[in-house]
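Here is how names work: the chains are called A, B, and so on, in the same order as the sequence lines, proteins then strands, and each is numbered from 1.
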Amino acid sequence: MQTKILLDEDQMPKAWYNILADLPTPLDPPLHPGTGKPLVPEDLAQIFPMELIMQEMSPKRMIDIPSEVQDVLRLWRPSPLYRAHRLEKQLKTPAHIYYKYEGVSPPGSHKPNTAVPQAYYNMKAGIERIATETGAGQWGSALAFATQLFGLECTVYMVRASYTQKPYRKSMMQVWGAECIPSPSTRTKSGSAVLQKDPETPGSLGIAISEAVEDAATHSNTNYSLGSVLNHVCLHQTVTGLESKEQLATVDEYPDVVIGCLGGGSNFAGISFPFAGDKLKGTHRDTDIIAVEPASCPKLTKGVYTYDYGDVAGLTPLLKMFTLGHDFIPPSIHAGGLRYHGASPIDSKLIHDGIMRAVSYHQSEVFDAAQTFARTEGIIIAPETSHAAKAAIDEALKCKKSGEAKTILFNCSGHGHFDMSAFDAYYAKQLVDYEYPEKLIRESLARLPKIPGA
Amino acid sequence: MYLIGFLVNPIAGMGGTVGLKGTDGQVEEARARGAMPKAAERAVETLVLLAGQPVRYLACSGTMGEEILKKAGIKDYEVVFCPDQGTTSADDSIAVCRVFVQRRVDLVLFCGGDGTARDIYSVLGDAIPMLGIPAGVKMFSAVFAVTPVAAAQIIRSGCTSGGRFFLRDAEVVDVDEEAYREGELRSRLFGIAKSPYVQGLSQGTKQVFESHDEERAKSDIGRFISEVMEGTPEVLYLLGPGSTTAAIAERLGLKKTLLGFDAVKGVKLVDSDLNEKAMLALIKKNMPARLVISIIGAQGSLLGRGTQQVSPEVLRMIGIENIIVIATPQKLAETPVVFVDTGDAVLDRDFGDHIPVVSGYRIARRVRIGREDIPCPNEC
Ligand SMILES: Cc1ncc(COP(=O)(O)O)c(C=O)c1O
């Protein structure tokens with residue numbers, strides 16, 4: 001009875017899988033926020049290194065991982081794939097549940113899979129500092145970890161509410177030498193504008209992105225980095241899906257169901273794209289690929305598929321994606337990493353086209369799942385990750401009813417060691433289940449001007 | 001130094017222990033049934049915990065104040081009113097409250113039930129905050145602390161934070177005692193007082209609120225619902241009582257009655273303070289219609305408390321799906337379960353098990369609907 005399926009270091013993927021090469025119809029292009037015209041690489045050159053811009057638009061199916069990047073990834077990769085024997089037993093399900101555990105990375109999540117290559121390409125391009133935003137702090141700490149390995153400075157704009165509520169992520173960034181600033185701040189015009197209107201604002205990811213983008217655009221030695229959503233970020237995350245496929249093959253399995261939680265869409269993309277590619281190519285047509293989102297921020301199940309900005313100030317390009325509107329500030333659920341109004345354009349398109357699907361859950365049922373998982377598999381997972389665990393448990397319970405022995409794979413994107421206050425709230429019965437008042441919101445938007453290209 | 005007006009309704013709660021619902025005009029009956037005055041005991045429980053705090057009390061002589069202060073070992077007080085001993089009455093409460101207002105107390109701390117709260121509110125309005133030590137038979141008003149100990153904690157926390165209380169709006173609900181004794185709960189919203197409270201925030205188990213202070217939460221709700229109303233000018237909106245609904249009208253630049261139901265259509269005020277008949281007539285002429293109501297009182301009642309105008313017939317005509325419930329996160333923190341009591345059990349059931357409650361800008365919470373009988377917070 002094998003529990004942990006491990007690969008040798010030399011079995012770590014040498015190239016990322018670029019699903020753009022296998023899409024039956026091309027992605028709708030990102031649009032320039034000023035002109036509304038499709039972006040050209042030069043538009044992005046002010047804030048991204050050219051290597052990443054080329055990856056963003058590349059038609060190549062496999063893109064080599066630079067050996068310097070591989071060297072760093074080997075600190076924790078290949079990550080283990082676990083068979084959840086104890087969880088299966090507890091659920092009395094005939095299903096086989098596997099989870100890819102990304103919490104073994106130094107910052108504790110899947111985020112460094114892209115932070116490392118992003119820092120590397122910026123270093124190569126002669127950039128001295130990277131500015132970014134972070135919600136609950138997972139991304140900020142991952143980029144802090146990656147930049148110091150390549151001798152870059154790092155400035156992290158952290159959503160103010162989390163800055164005070166999640167102090168230890170901020171401490172980690174400090175250990176890794178990054179500067180962490182509560183957002184909105186007076187460092188930027190966009191931050192100052194928000195503060196002037198509302199000095200008490202708790203901030204939001206959308207505001208923090210505006211600040212980081214502005215910081216990068218106004219300093220020539222500084223670039224911007226985004227921890228999710230964009231094509232190149234999804235690309236870098238495919239190491240998880242590629243490894244999982246290898247690992248499952250060693251035990252003669254191929255997943256019937258692939259699951260990931262979705263904030264901006266990168267860990268879900270990472271675990272699912274290699275399998276979605278098989279589905280597109282026709283080698284495995286029936287794989288059920290499920291993105292899991294919070295009911296309080298349900299862009300995939302209740303949002304619209306349209307062009308929208310990635311940030312509050314409207315500084316980013318317009319992306320065709322599922323969105324709740326760039327001015328939507330999601331309620332303060334504990335899964336801070338899932339509080340984003342939009343979703344990766346590739347994930348969005350594949351969901352829109354029916355290749356993948358989406359489900360949503362309330363946070364109290366998600367924490368129930370986290371507790372079940374911790375009490376069977378031992379790992380205390382992040383609130384974000386718990387969304388995926390909840391969906392995996394539900395799928396396994398469906399198998400129990402139908403008697404099918406499906407193989408279920410989910411991305412266990414991170415541990416929850418810095419989220420213990422969320423568990424405290426759960427045990428104090430203080431978790432609030434939010435509802436997205438879809439109809440009312442649509443009515444309230446009726447009087448607003450349309451965004452260009454929508 | 002704090003100046004607190006202290007007041008006890010010595011007969012409050014006597015009816016409850018002997019199966020009477022309320023004590024107004026029932027004291028003799030209650031005594032005959034063997035009831036003991038216990039408001040005094042409860043007030044002592046609170047006061048004992050306030051010993052040593054920088055507080056000076058103004059009070060009545062005798063059982064309405066001084067006796068109790070003495071029993072609790074409190075020395076720093078001043079008697080400012082002498083009621084007739086033996087037969088204390090609502091008039092005495094009102095009279096001493098007038099003195100409290102003149103002397104500009106920081107807070108009126110009282111021990112009693114809904115009736116006492118109503119009498120005090122009728123003098124204080126929302127100019128001076130009030131806090132109740134629960135001792136009555138019915139306590140549907142939101143000015144009461146959960147227990148006598150909690151009342152003391154609220155005041156102590158005000159003392160330690162340099163004399164600053166967190167104040168919030170608290171409904172004073174007036175229950176028709178005659179009807180209540182007949183087994184029917186008929187109530188109306190009497191007014192909205194200011195009451196101190198402690199934000200239930202302890203490090204580690206922090207509640208994450210949409211917005212940290214209640215005024216801000218109200219204005220967020222107001223902004224959202226006003227945008228919905230602007231986006232649907234063809235819909236007739238009936239805005240219920242309370243300060244949260246008032247925030248919507250304020251956003252729209254409309255003058256709303258605080259305690260009544262007002263009608264708005266196309267961002268214009270159509271009519272104010274509607275009774276049931278006027279409401280029915282207006283809805284009939286103006287379909288579709290929507291009802292915007294907030295959660296009232298300390299027990300989380302939705303419809304049926306202070307909203308008698310909204311009869312089952314009105315609700316049926318509007319349709320349950322057209323009811324928009326609003327409440328601040330702070331209010332919901334205390335009323336995690338809401339109770340629907342429309343007066344029609346079938347209709348009550350149609351509400352289901354959960355209801356979305358708009359609690360912020362484009363944010364709603366999923367709130368459980370309680371199915372038990374409306375609970376009373378204390379002994380009854
Ligand atoms: C542990 C964990 N899982 C998932 C996410 C969601 O991000 P994404 O959708 O980009 O994977 C986050 C984001 O912060 C995270 O920290």
A quick test of your reading: do over 12 heavy atoms of other residues, nucleotides or ligands sit less than 6.0 Å from [atom1] of [X]?
X: B:Ile283; atom1: CD1; value: yes
X: A:Tyr168; atom1: OH; value: no
X: A:Gln196; atom1: CD; value: no
X: A:Gln371; atom1: CD; value: yes

How long is the straight-line distance from [atom2] of [Y] back to [atom1] of [X], given to the nearest 0.5 Å?
X: A:Leu440; Y: B:Ile363; atom1: CG; atom2: CD1; answer: 13.0 Å
X: A:Ser444; Y: B:Met229; atom1: OG; atom2: CE; answer: 13.0 Å
X: A:Glu435; Y: B:Arg365; atom1: CD; atom2: CZ; answer: 12.0 Å
X: A:Ser364; Y: B:Arg366; atom1: OG; atom2: CZ; answer: 7.0 Å

For a 4.5 angstrom cut-off between non-hydrogen side-chain atoms, does B:Tyr361 reach A:Ile329?
no
In the structure I gave you, are the side-chain heavy atoms of B:His354 and A:Asp433 within less than 4.5 Å of one another anywhere?
no
Please flag which part of A:Glu438 lies under 4.5 Å from any non-hydrogen atom of chain B: side chain, backbone, both or neither.
neither
Chain B contact via A:Lys439 - which portion, at a heavy-atom distance below 4.5 Å
side chain
Does A:Glu443 come within less than 4.0 Å of B:Arg290, counting only side-chain N to carboxylate O?
yes
Audit row: B:Phe224, A:Ile441, side chain to side chain contact (heavy atoms under 4.5 Å, CB included) steps and yes/no
CA-CA 8 Å; B:Phe224 178 35; A:Ile441 289 180; 3.6 Å; yes
Of the non-hydrogen atoms in B:Arg362 and A:Pro437, which two are nearest, and what is the gap between them?
O-CD, 3.7 Å
Can you tell which part of B:Leu332 gets under 4.5 Å to a heavy atom of chain A, answering side chain, backbone, both or neither?
neither
Where does B:Val357 contact chain A at under 4.5 Å (heavy atoms): side chain, backbone, both or neither?
neither
